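Heads up: the structure comes next, in structure tokens.
Whatever order the structure lists them in is the order used to number ligands and atoms, beginning at 1. What you are looking at is a predicted structure, and each value in this text was computed from that prediction instead of being measured.
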Amino acid sequence: MRDVVRISKFMSKVLRHQPELIGMHLDPNGWADVDELISGMNKKGFSVSIEDIKDAVRTNNKRRFAFSLDEKRIRARQGHSIEVDVEAPETAPPSKLYHGTALKFMESIRNSGLTPQRRLHVHLSADIMTAESVGRRHGKPVVLEIDAASMAADGFKFHLSENGVWLTQRVPVLYIEEKFAAMPM
Ligand code: HQG
């Protein structure tokens, strides 16, 4: 694995899920102190400089991380399991959104709809390709079409993260269409 990818995976872990791994705290909006991140990572054997962190932020394929304006703080743009508010604005969704999952979860999803599992939100994407690759991370991919327009009309709220991920609390079965069956691997 390239160094920058290894660094960014570790950053995802501490900035979204386990800041305590390196003795760090996130503020209520998910921000961490950049110097603390660097020294914490180095104590775990990383040997990173501010330039490495900047590189990981700049080259990240999904634009997962953001610096504060003064570049003293850093946070993940979405994807947290710990209770933080990344201030993704409430936004009216497009009429359809997509969720990629794996075939093995479908029985449970047909019973209880989409629920956030270990994260704070259910993650949805605006396009089918992205959803398919998200689903593939878990197994044989299935793409679900979500009737976001009806959800919005029924009072469900949607938030759009700065890197284009649509977030919502849950998606009841009623709004899920299994349009795209499992595709061949
Ligand atoms: C499934 C990546 C059983 C859900 C992506 C998913 C995304 C259920 C899995 C972000 C269920 C949770 C999030 C139910 C949902 N019963 N399974 N009732 N409801 N599930 O990783 O959406 O690369 O927490 O379908 O781009 O896969 O990390 O969520 O398969 O935006 O930046 O439970 O992670 O971003 O898995 O992925 P996850 P996700 P990053």
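Distance from atom 15 (C) of ligand 1 to its nearest protein heavy atom, with residue and atom name: T115 O, 3.4 Å. Atom 4 (C) of ligand 1 has its closest protein heavy atom at H99 NE2, 3.4 Å. Distance from atom 37 (O) of ligand 1 to its nearest protein heavy atom, with residue and atom name: R137 NH1, 3.3 Å. Protein heavy atom in closest approach to atom 7 (C) of ligand 1: H123 ND1, 3.5 Å. Here the heavy atom of the protein found nearest to atom 38 (P) of ligand 1 is R119 NE, 3.4 Å. Summary of contacts: the protein heavy atom closest to atom 14 (C) of ligand 1 is Q117 NE2, 3.3 Å. Nearest protein heavy-atom neighbour of atom 16 (N) of ligand 1: S108 OG, 2.5 Å.
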message: E71 vs K54, test: salt bridge (charged side-chain N to carboxylate O under 4.0 Å, His left out). Steps then yes/no.
response: CA-CA 9 Å; E71 299 200 347; K54 284 186 177 167; 3.5 Å; yes
- request: Kindly indicate, with the supporting measurements, whether the criterion side chain to side chain contact (heavy atoms under 4.5 Å, CB included) is fulfilled by R119 and R16.
  value: CA-CA 9 Å; R119 302 193 198 245; R16 286 170 164 176; 4.0 Å; yes
message: Please determine whether side chain to side chain contact (heavy atoms under 4.5 Å, CB included) holds for the pair R64 and M11, giving the CA-CA distance in whole Å, both sets of side-chain angles, and the decisive distance to 0.1 Å.
response: CA-CA 10 Å; R64 290 179 179 90; M11 284 166 59; over 6 Å; no
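In the model, T115 has a side-chain atom that pairs as donor or acceptor with a side-chain atom of Q117 under 3.5 Å.
Taking a cut-off of under 4.0 Å to the non-hydrogen atoms of K62, the atoms of ligand 1 that pass are 2 (C), 5 (C), 23 (O), 26 (O), 35 (O), 40 (P). Listed by number with element, the atoms of ligand 1 under 4.0 angstrom from any heavy atom of S112 are 18 (N). Less than 4.0 angstrom separates some heavy atom of L114 from each of these atoms of ligand 1: 15 (C), 19 (N). Taking every non-hydrogen atom of R64 and a distance limit under 4.0 Å, the qualifying atoms of ligand 1 come out as 23 (O), 32 (O), 40 (P).
Under 4.0 angstrom from ligand 1, the non-hydrogen atoms of R16 all belong to its side chain.
Every residue meeting the salt bridge (Lys or Arg N to Asp or Glu O under 4.0 Å) condition with D3, not counting sequence neighbours, appears here in chain and number order: R6. Checked against salt bridge (Lys or Arg N to Asp or Glu O under 4.0 Å), R170 has no partners two or more places apart in sequence or in another chain.
For the pair S12 and ligand 1, no heavy-atom separation below 4.0 Å is found. Using a non-hydrogen distance threshold of 4.0 Å, H138 registers as a contact of ligand 1.
For G113, a nitrogen or oxygen atom sits less than 3.5 Å from a nitrogen or oxygen atom of ligand 1, counting backbone and side chain alike.
Contact check for R75 versus L15: no side-chain heavy atoms found under the 4.5 Å cut-off.
When all heavy atoms of D52 and S49 are compared, the pair lying nearest together is OD2-N, 2.8 Å. Pairing each heavy atom of V173 with each of S112, the nearest pair is CG2-C, 4.2 Å.
Ring planes of F105 and H138: perpendicular class, angle over 60° (limits at 30 and 60°).
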